[in-house]
Amino acid sequence: MNTEILGIVLIFLLAVALAIPLGKYIAKIFGEGKPFAEGFFAPIEKFIFRLSGINPNKQMTWKEHLKALLTINLIWFFWAMLLLMTQSYHFWNPDNNPSMSPDLAFNTAVSFLVNANLQHYSGETGLSYLSQLACITFLQFVTAATGIAACIVVFKAFKEKQGNLLGNFYDYFVKTVLRILLPISVITSVILVFSGVPMTFLGKANIQTIEGVAQQISRGPAAAMIAIKQAGTNGGGFFGVNSAHPLENPTYLTNILENLLIILIPIALIFALGYYLKNKKLSIMIFGVMTIGFLMLLIPSVMQEMQGNKKITDMGISQIHGSMEGKETRFGAAASAFWGVTTTVTSNGSVNAMHDSMTPLSGLSQLMGMMVNAFYGGVGVGFLNFYVFLILAVFISGLMVGRTPEFLGKKIEAREMKIAMLIALLHPLLILGGTALSSFLIVLHQYGWLNNPGYHGFSEMMYEYSSASANNGSGFEGLGDNTPFWNISTGVVLVLARFLPIIGPVAIAGLLAAKKQVPESAGTLKTDTGTFGVMIMAVILIIAALSFFPALTLGPLAEYFSL
Amino acid sequence: MKTHILPALRLSLVFIIIIAFVYPAAIYGIAQLQKDKGEGSKISVKGKVVGFELIGQSFTQARYFQSRPSAVDYNGGGSGGSNKGPTNPEYLAQVEERIAAFQKENPTVNKPAIPSELVTASGSGLDPQISLEAALVQVDRIASTRNIGKEKIKKLVMDIENKPLFGLFGPSTINVLDLNIRLDALK
């Protein structure tokens, strides 16, 4: 088989092979029994709690969890704004990069706060090294941990027979950072450093090339940041072009590592659920649905990229390596397409090739990955999104076969359904509303935002709002998005699309946990079967895919048929 | 909310110290063991630094192997792709121009032998590599400009080919800067 195809098969298999033990480990951390290295982590955690004046054993209801989560997030927002707007005074700023304008700082602070990492700046010229570490890297850790902590609250609620005490938010948060994110990041950064990724506080290097031309080369403390940006489905790169940059992702081996990290924790959390509830069948069903959805998006994209751009084939040159505009030679077409789909189905958003230059059907797959946002999904929040679809599927199939809609022994009623439906519809509203608004403005005022004419220009705007609403962070980067309109409008979308889809599912789970558990009977709808998996997939297709279909025909589909 | 502000502030402070200072310091410390101390690996010729191993350069002279087109002209102070869409007419015209220019500089090459990566811009604008085919297709030009036998140059290219990982995974590549430095050393 082709070495490029073998390469991406390897990434996927490695990710799943590592996700299973990691899932088991995560389930142990938050469940019963003594997790691995308890003796090492427990004293550190105790010390951190003492410094912070927190009692990690104080039980919280779902409302208290959300209060704690939102309060600490608000603090991080102000911290980020402060750092970004004072950069010119920072130490660790050898390239003398300037402070950000207020609207750009707002967009950047929000977008890292919500784990999206939409970047309307370029790392080389837009950030000090202090901001890279104390703002960006810091938020990449803590926001990933926020998502996972919220997911654990929901896991806990599933297990609850009848009650409303769901553990302690700070406890989940601290354990996630110390026991999951930091170890993965340390291992990864060490591998990256030895593969040639810089970890230095020196500024730009100035050299003369062998043709005698002056060349500048940006550097910085990149390795530490790149590790967590990949593992925490953050995606905001150290350098402007993210993991396409040879110093951010130097070899095919680092590409395998960085790409498998994109899907590692999202998949591990699905297995963690199975171990945690001692219900492996449920995990396998969820993993199966997600994987089928993922493959449906992946296969067309890989095929199209490897085939190349038809317009260039028509010019009579060779495209043996596929469509190479915006791609790096060391990764090739297949690995670039694979990354493109994995980064958009999860809410990672890092890139190793320019999505704007990919063939139309790849753009379609990437857009749909973000529109569904639950095929693996972001760390923690991916499962929360999937949970919304699952609740809808339980209700609809319950009605169809005339059984009481129940999930894990809890009856689903009007209140939970309303929340689920609102959350499911929020996403199309934000994406389509935003795209409609920007399309209207561009027709009205002829703004020079777009880098490409026609259908593709429309896709650039739709991609930006999809990325914002999915908290993804990748972009069709041709879009000139560092303007007050884009900074503020996507900033608002980012906030709404982060916190409401955390609040909704946590509320549903909390409400269900307080209900009395109904013992399973012959009348119970089985939710861990293949049949039910088909139902979930149908709900996802109806809600997510169909609401976006008209807009997709105007963008990538129209472009595909015009090739 | 009020009950959460103080603990949240203190917890944030603790984690800022751990994440922004302790963790990077540890990685920085480990990086000191790496051969370039984590500063990026430089390439020198006769004691003079001429480039970074991982950062591509622009080669405009006919006597050197060309790198791929770059949207940022190989300025490593930034990075960037063209972000041109696949059906953008302005972009397609630019590719046509590059093909014509390449044919002019390499008159012995047939159009169907030109690999597309030589006429399309890379993602980073700093791509240090080209494919084996993209190097071989330039051999004729180099040989006649430098008056060296084709076979000798072809052998040089084949010798420095980066094979797929473990011979199994990913594409094979040629580092252009490395190739050109060796080319200069060739007698």
Side-chain angles (χ1 to χ4, degrees), chain A residues 3 6-7 10 48 51-54 67-68 71-72 75 124 133-134 138 141 189-190 193-194 196 198-200 204 207 209-210 216-219 221 224 239-241 244-246 250 252 309 311-312 316-319 324-330 332 353-354 356 359 451-452 456 477-478 559, chain B residues 1 4-5 7-12 14-16 19-20 23-24 27-28 30-31 34 38-41 49-52 54-55 57 61 76-81 83-88 92 99 111-112 114-117 120 122-124 126-131 164-165 168-171 173:
Chain A
T3 55
L6 273 180
L10 175 76
I48 290 176
L51 284 179
S52 322
I54 288 169
K67 271 184 211 158
T71 310
I72 201 166
I75 292 172
E124 295 94 332
L133 294 173
F138 169 70
F141 271 97
S189 356
V190 170
V193 161
F194 284 93
M199 186 67 204
T200 175
K204 289 188 172 90
I207 55 142
T209 68
I210 56 175
Q216 284 194 322
I217 290 154
S218 277
R219 297 179 284 184
F239 300 103
V241 289
H245 198 291
Y252 198 79
N309 180 352
K311 295 270 188 199
I312 290 185
I317 60 169
S318 150
Q319 272 197 106
M324 286 303 285
E325 181 71 36
K327 295 196 183 65
E328 297 285 295
T329 313
R330 63 193 177 284
M354 297 299 107
D356 213 348
T359 57
N451 191 38
N452 290 287
H456 197 84
E477 292 298 345
E559 190 181 18
Chain B
M1 186 168 166
H4 290 294
I5 291 180
L9 267 174
R10 287 163 70 174
L11 187 63
S12 300
V14 172
F15 273 112
I16 288 170
I19 293 166
Y23 160 68
I27 306 301
Y28 180 81
I30 294 169
Q34 195 252 357
E39 293 170 8
S41 97
V49 177
V50 294
F52 274 56
L54 293 169
I55 299 290
Q57 301 185 354
Q61 300 169 8
S79 56
N83 284 308
K84 296 293 183 197
T87 54
N88 186 332
L92 294 168
I99 296 173
K111 210 171 172 187
I114 304 173
S116 68
E117 63 267 29
T120 52
S122 62
S124 60
L126 307 170
D127 194 342
Q129 289 149 334
I130 52 177
S131 67
L165 187 63
L168 285 175
F169 307 112
T173 57

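Numbers restart at 1 for each chain; the letters A, B, ... are given by sequence-line order, proteins then strands. Computed from a predicted model, the values in this text were never measured in an experiment.
If you take CG on B/L11 and CD1 on A/I72, they are separated by 4.5 Å, rounding to the nearest 0.5 Å. Taking CD1 of B/I114 as the reference point, atom CD1 of A/I317 lies at 6.5 Å (rounded to 0.5 Å). From B/I16, atom CD1 reaches atom CZ of A/F138 across 4.5 Å, with rounding to the nearest 0.5 Å. Interatomic distance, OG1 of B/T87 versus CG of B/L92, reported as 7.5 Å (0.5 Å rounding). A/E325 contributes atom CD, which lies 15.5 Å from atom NZ of A/K311 (distance to the nearest 0.5 angstrom). Between the CD1 atom in B/I130 and the CD atom in B/E117 there is a gap of 8.0 Å [rounded to 0.5 Å].
Taking A/L51, A/I75, A/I48, A/I217 one by one and counting their heavy-atom pairs under 4.5 Å with chain B, the maximum is reached by A/I217. Between chain B and the residues A/I207, A/V190, A/T209, the largest count of heavy-atom pairs under 4.5 Å involves A/T209. Ranked by heavy-atom pairs shorter than 4.5 Å toward chain A, the options B/I55, B/V49, B/L9 are led by B/I55. Your options are A/P250, A/G316, A/G196, A/A134, and the one with the most heavy-atom pairs under 4.5 Å with chain B is A/G316. Between chain B and the residues A/G240, A/S189, A/P221, the largest count of heavy-atom pairs under 4.5 Å involves A/S189. Among A/G332, A/A244, A/G326, A/G7, the residue with the largest count of heavy-atom pairs under 4.5 Å with chain B is A/G326. Interface summary for chain B: among A/L10, A/I210, A/L133, the most heavy-atom pairs under 4.5 angstrom belong to A/I210. With chain A as partner, the option from B/G81, B/S131, B/G85, B/G80 having the largest number of non-hydrogen pairs under 4.5 angstrom is B/G85. Interface summary for chain A: among B/G170, B/S122, B/S12, the most heavy-atom pairs under 4.5 angstrom belong to B/G170. In terms of heavy-atom pairs under 4.5 angstrom with chain A, the leader among B/S124, B/A20, B/G40, B/G78 is B/S124. Most heavy-atom pairs under 4.5 Å with chain A, from the set B/D127, B/T173, B/L165: that is B/D127.
If you measure heavy-atom distances from B/V14 to chain A, the contacts under 4.5 Å come from the side chain alone. Contacts of A/K204 with chain B are made by side-chain atoms alone, with heavy-atom separations under 4.5 Å and no backbone atom involved. For A/T359, the part sitting under 4.5 Å from any heavy atom of chain B is the backbone (N, CA, C, O) and nothing else. Using a 4.5 Å cut-off between heavy atoms, B/P7 touches chain A through backbone and side chain atoms alike. Interface remark: A/R219 contributes side-chain atoms only to the contact with chain B (heavy atom separation under 4.5 Å). Heavy atoms of B/S41 lying under 4.5 Å from chain A are absent altogether. Proximity to chain A is limited to the side chain of B/Y23, based on heavy atoms less than 4.5 angstrom apart. Contact of B/L54 with chain A is made through backbone and side chain together, with heavy-atom distances under 4.5 Å.
Contact annotation: the side chain of A/Y252 never approaches that of A/R330 to less than 4.5 Å [non-hydrogen atoms, C-beta and beyond]. With contacts defined as side-chain heavy-atom distances shorter than 4.5 Å, the pair A/M354/A/V241 qualifies. The shortest side-chain heavy-atom distance between A/N451 and A/H456 does not fall under the 4.5 Å cut-off.
Judged by distance alone, the side chain of A/Q319 and the main-chain N or O of A/N309 form a donor-acceptor pair under 3.5 Å.
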